[in-house]
Amino acid sequence: MAFATKLALGDVTADDCPPLLKPGFEKNLKTIRDLIAPLQSTSETGVKLDEDKCTGCGNCVVVCPVDVAVEPPTGVGKAARGDVTVFRVDNGIARIINLEKCRRFPPDRLNCRVCEQYCCTDAIEIW
Amino acid sequence: MEDIVCNRCSLLCDDVVADIGAKEVMSLGLCRLGHTHLERAVQLQGIEAIYRGDGKETKLTQEKALDKIAELLISAKHPLLYGWAHCTNETIIEGLSLAATLKAVFDSSASMGLSQSMTHEIHHVKLDTNLEEVQNKGELILYWGSNPVESSHRHASRFTVFPRGENVPQGVESRVIGVIDIRETETMKMANHRIIIPQGGDCELARAIIDDLTGKVPLKTSVVGLSASTIVGLSQALRKSDFTVIFYGTGIVNSGRTEENLSLLMELIQTLRKLGKNAYALPMWHAPNDMGVLKSTSKLAMTPVALDFVSGKPTPLDMKTTLQMLATGEFDVVLIVGNDALATLPNRAAKGLASTRTIYIGSTGGFTDHRALLSLRIADDIVSGLGTITRVDMKDIQFKQWGKTKKSTKNTFDVITQLHKMIQTELKK
């Protein structure tokens, strides 16, 4: 489990697991390499926001763990009013104002998709 | 940026800010509906009056328009004062007072479903919760026949689903969300229990859940097309939750089985309470101040429904509804305040209204504004930032003033008060 966590965080690769390098595990090794390849190669977050679909509901603002950490009132449902959050609803539409703070970016490289998961209008897409 | 209160929907967001220029608006936190509403209100601040008598449109000054409105209302034998759901509580109270002076009927869009639900005994079983409490404690949120993603965009993010609270520290991760509707809705995307039922199937589903909770009838067969495991899944979630809130909407109230649906929801709440749980029901209504209308009318009569002042005392209309009377042309003059009634009334009532002498007082735009015999266009109350409105959970919210316009803008309250004084003076002569 600890290895899996490190793998998800991008701290290790599949090739760091000795048992996987043994004969007979080639298929598993390839599957895991394929699975984590996007994480290893990600230099951008891959978050896309379609402003035409967005209703400005603010689900992304409140649900984003970074937003809650940097502007705590968003954690209790208040609108983001500063300029420190990842998401903020400007003029009725959510905007990504600090993409570099997204946890999908290095060094975290977390496979966080919480904004996409709870965007009810499918305005947010992670590719 | 200045603090404002948005009056686009019944959530009355008061945590938002805006920078309002002469024609341009920048906002933070307002949803798309709210921002568009504010932008439009700012662009249409001027007062304008149009009279459409004798087959032509004539522009009037505000004073002449008020004279004409007073004349029309005083000469009316059976006037109706309708709308009000977009007005402040102060305007509504003045409107009720005007209705008493004119011996008119007073009604609002709240009578199309909401007042029936608020007078139902479901609201007599101690439903004293509010949205802040839901935010802090709500463990199971059940949207039943309501779709906040379309009607009140910030409902979930601000109060019910995503915010962290005292008893729900992880926000959405600490809560269970259920959605019951007759079709797949966008709200279902955030739900753990997504239940699609046939139209009119609410009673059967509620009965099945109650039976499962009480253990009277072991649920083994499907109900309204839902598998037993789906219903038992929701029932178990209800059993586990210490604080359940059912947000019921027009799907429950306007589905043709209002009384039965609400009675079963009440039974469900009482069943949960007998199991030692906190359970509540709150209506989902999107007009900004339907609740203000109900609050004000219920102070005059025990039941918050349409009031007839013909006898001098406010009496609930009981023989016929306002809509039936509109459809049969029983009113000779209708004053509509802050509501596009022609766009929202049912077909027969709208047709009846269209052939009645209509006066419109409210913001620019809409069928009623363009069809009324006399339209007095005034700025939306968000512009003056004065007055109180009542949120969907009955909490009063004070408007916030902003910018330079607050000193000069005449709002609906000022206009209705002036009109009332003119009518009183005229009647004394």
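Lettering of chains follows the sequences in order, A, B, ..., and the numbering in each one begins at 1.
Taking every heavy atom of both residues into account, B/S157 and A/C57 meet most closely at OG-O, 2.6 Å. Nearest heavy-atom pair across A/G77 and B/P163 is N-CB, 3.8 Å. The shortest heavy-atom contact between B/D15 and A/K78 is OD2-CA, 3.3 Å. The two atoms that bring B/K189 and A/E116 nearest to each other are NZ-O, 3.1 Å, heavy atoms only.
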Original post:
Are B/D3 and A/R81 close enough, and set up right, to give a side chain to side chain contact (heavy atoms under 4.5 Å, CB included), and what steps lead you there?
Top reply: CA-CA 11 Å; B/D3 287 325; A/R81 294 162 63 147; 2.6 Å; yes
Subject >> A/N91 vs B/E39, side chain to side chain contact (heavy atoms under 4.5 Å, CB included): CA-CA, chis, key distance, verdict >> reply: CA-CA 9 Å; A/N91 296 339; B/E39 215 169 35; over 6 Å; no
**OP:** Test B/L28 against A/V89 for side chain to side chain contact (heavy atoms under 4.5 Å, CB included), laying out the working first.
**Re:** CA-CA 6 Å; B/L28 289 183; A/V89 180; over 6 Å; no
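The candidate with the highest count of non-hydrogen atom pairs below 4.5 Å against chain B, out of A/A94, A/C60, A/G75, is A/G75. The candidate from B/R158, B/R154, B/R164 with the greatest count of non-hydrogen atom pairs under 4.5 Å with chain A is B/R164. Highest contact tally toward chain B, considering only A/G92, A/C119, A/C54, is held by A/G92 [criterion: heavy-atom pairs under 4.5 Å].
Enclosure of atom CD in A/E26 by more than 12 non-hydrogen atoms of other residues, nucleotides or ligands within 6.0 angstrom is indicated. Atom CD of B/E24 has 12 or fewer neighbouring heavy atoms from other residues, nucleotides or ligands inside a 6.0 Å radius. Residue-environment remark: NE2 (B/H37) exceeds the threshold of 12 foreign heavy atoms within 6.0 Å.
Residue B/N147 holds its CG atom at 9.0 Å from SG of A/C120, rounded to the nearest 0.5 Å. Atom CG of A/D90 is separated from atom CE of B/M26 by 7.5 Å, given to the nearest 0.5 angstrom.
Counting only distance, with no hydrogens or angles, the side chain of A/T55 and the backbone of B/H153 share no donor-acceptor pair below 3.5 Å.
In this structure, no portion of B/V161 lies under 4.5 Å from any heavy atom of chain A. Looking at B/Q135, the atoms closer than 4.5 Å to chain A (heavy atoms on both sides) all sit in the side chain, from C-beta outward. B/E150 does not touch chain A: none of its heavy atoms, backbone or side chain, sits under 4.5 Å away. Heavy atoms of A/V61 lying under 4.5 Å from chain B are absent altogether.
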